[in-house]
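This report concerns only the one structure given below.
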Amino acid sequence: MNFPVPQVFQIPITVDPGFKTPYTRGFHLGVQREITSNSVIQADFYHRDIRNMLGVRTTNLAFEARIPGHAGELRPGTGSRPILSYGPWYQGTFDSVSVGIRKRMSKRFTVEAFYTWADAIDNSLRSSFVSDVQTGLGAGALGGRGPTDSFVGIPTLVTDPATGQTNANGRIIASNGNPVPQAGKFYNGADLDRGPSDLSLNHTVLVHGLVQLPWQFEVSGIFRGRADFTSRIPL
């Protein structure tokens with residue numbers, strides 16, 4: 001940790017053995033049509049598939065830790081403290097459609113107007129990928145910025161001691177409010193946070209004008225309007 005604390009409070013940090021480099025797959029389709037000698041309309045579609053987004057999760061927390069009476073329980077043989085692992089835990093997609101017009105009003109004046117609709121979805125709870133270790137807040141703060149549910153793997157069969165419910169045949173909600181996915185089926189805890197990206201802007205309007213002045217000077221102005229900024233709150 002980056003600030004003086006007793007040794008007992010230091011939190012182990014590991015790098016996932018299956019570490020992968022983040023990458024994006026995408027494609028773009030666009031059409032443009034001249035409607036007059038001074039006017040052009042166009043439409044574009046963009047798709048991005050973002051893989052191996054890096055982040056931190058607690059890797060040695062037992063699946064049973066979500067059941068009442070087992071809070072904070074760690075997997076046997078992994079020590080007595082949580083282990084934070086840095087790796088490619090998250091992924092997302094981005095799709096957008098943009099339509100616009102470009103018109104030359106005269107030899108010295110041009111105006112453009114565009115509307116863009118976008119849909120950004122990911123399973124990363126927070127948009128910031130700045131390391132808290134680098135900012136001086138330490139590894140403890142870094143762990144608090146992981147997913148709502150850190151478990152990745154095959155859930156085991158558990159029983160809620162308060163209600164008697166089990167996850168044998170399907171997903172349940174424990175009496176303490178924690179999600180309990182079905183036993184025996186692969187489960188990625190990060191998907192519990194899947195939803196609109198914290199940086200998602202569903203609607204954007206852009207108007208741009210350019211005036212050419214004598215002596216090769218140019219003056220331009222841009223108006224940009226945005227709407228539907230969304231974010232998620234941890235469960």
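Side-chain atoms are counted along with the backbone in the values below, which use heavy atoms only and exclude waters and symmetry mates. Note that this is a predicted model, so its numbers are computed, not measured.
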Between Met53 and Tyr23, is there a shared hydrophobic cluster once you connect ILVMFWY residues whose side-chain heavy atoms come closer than 4.5 Å? no
Salt bridge (charged side-chain N to carboxylate O under 4.0 Å, His left out) partners of residues 174-192, not counting sequence neighbours, each pair once: Asp191-Arg194
Does the plane of the ring in Phe27 sit parallel, tilted or perpendicular to the ring in His47? Use 30° and 60° as the thresholds. tilted
Under 4.5 Å between side-chain heavy atoms, counting indirect links through other Ile/Leu/Val/Met/Phe/Trp/Tyr residues: same cluster for Leu61 and Phe151 or not? no
Answer yes or no: is there a side-chain heavy-atom contact under 4.5 Å between His203 and Trp117? yes
Any sub-3.5 Å donor-acceptor pair from Asn123's side-chain atoms to Gly189's backbone N or O? no
Could you walk me through whether Thr58 and Ile83 satisfy the side chain to side chain contact (heavy atoms under 4.5 Å, CB included) test, starting with their C-alpha distance in whole Å, then the side-chain angles of each, then the deciding distance to 0.1 Å, before giving a yes or no? CA-CA 6 Å; Thr58 306; Ile83 297 176; 5.9 Å; no
To the nearest 0.5 Å, tell me how far Arg75 CZ sits from Thr59 OG1. 6.5 Å
If two hydrophobic side chains count as joined below 4.5 Å and joins carry through other members, does Ile154 share a cluster with Val152? yes
Are Val111 and Val211 connected, step by step, through hydrophobic side chains (Ile, Leu, Val, Met, Phe, Trp, Tyr) whose heavy atoms are closer than 4.5 Å? yes
Side-chain donor-acceptor contacts of residues 171-181 below 3.5 Å, not counting sequence neighbours, with atom names and distances?
from   : atom 1 : to     : atom 2 : distance (Å)
Ser175 : OG     : Asp160 : OD1    : 3.1
Ser175 : OG     : Asp160 : OD2    : 3.2
Asn176 : OD1    : Asn178 : N      : 3.2
Asn176 : OD1    : Asn178 : ND2    : 3.4
Asn176 : ND2    : Arg66  : O      : 3.1
Asn178 : ND2    : Arg66  : O      : 2.9

Run the side chain to side chain donor-acceptor pair (under 3.5 Å) test against Asn188 and tell me which residues pass, sequence neighbours left out. none
Only counting residues at least two apart or in another chain, list the ones meeting side chain to side chain donor-acceptor pair (under 3.5 Å) with Tyr187. Asp149
Leu210 CG to Thr110 OG1 distance, which is reported to the nearest 0.5 Å: 5.5 Å
Where do Asp16 and Gly87 come nearest, in terms of heavy atoms and distance? CB-CA, 4.1 Å
Nearest-0.5 Å distance that lies between atom CD1 in Ile41 and atom CD1 in Ile35: 5.0 Å
Flag side-chain contact, heavy atom, 4.5 Å: Pro147 against Tyr90: yes
Rounded to the nearest 0.5 Å, what's the gap from OG1 on Thr93 to CD1 on Ile50? Could you check? 7.5 Å
Do Leu206 and Thr116 have side chains that approach each other closer than 4.5 Å (heavy atoms only, starting at C-beta)? no
Does one hydrophobic cluster hold both Val31 and Val40, with members joined at side-chain heavy-atom distances below 4.5 Å? no
Can you list the residues that meet the side-chain contact (heavy atoms from CB on, under 4.5 Å) rule with Thr36, with sequence neighbours excluded? Asn38, Ser39
Closer than 3.5 angstrom, by distance alone: can the side chain of Asn60 be matched with the main-chain N or O of Leu74 as a donor-acceptor pair? no
Counting only pairs under 3.5 Å, give me each side-chain donor-acceptor contact of residues 217-225, with atom names and distances, residues two or more places apart or in other chains.
none

Interatomic distance, CZ@Phe114 vs OG1@Thr204, rounded to 0.5 Å, equals 13.0 Å
Contacts of type ring pair (Phe, Tyr, Trp, His ring centres under 6.0 Å), residue His70, not counting sequence neighbours: none
Could you measure the distance from the NE2 atom of His28 to the CZ atom of Phe45? Nearest 0.5 Å is fine. 10.0 Å
Thr14 side chain near Leu84 side chain, heavy-atom distance below 4.5 Å: no
Selection residues 36-51 - residue pairs positive for salt bridge (charged side-chain N to carboxylate O under 4.0 Å, His left out), sequence neighbours left out: Asp49-Arg51
Those residues at least two apart in sequence (or on a different chain) that pass side-chain contact (heavy atoms from CB on, under 4.5 Å) with Tyr86 are Phe19, Leu54, Val56
Restricting to non-hydrogen atoms, name the atom on Phe94 and the atom on Ala118 that form the minimum distance, rounded to 0.1 Å. CE1-CB, 3.8 Å
Holding to salt bridge (Lys or Arg N to Asp or Glu O under 4.0 Å), I want the full list of residues that pass it with Arg102, two or more places apart in sequence or in another chain. Glu112
So, using side-chain contact (heavy atoms from CB on, under 4.5 Å) as the criterion, who are the partners of Ala71 when residues are at least two apart? none
In short, salt bridge (charged side-chain N to carboxylate O under 4.0 Å, His left out) pairs touching residues 17-39 with sequence neighbours left out are none
Between the main-chain N or O of Asp95 and the side-chain N or O of Asp119, is there a donor-acceptor pair closer than 3.5 Å? no
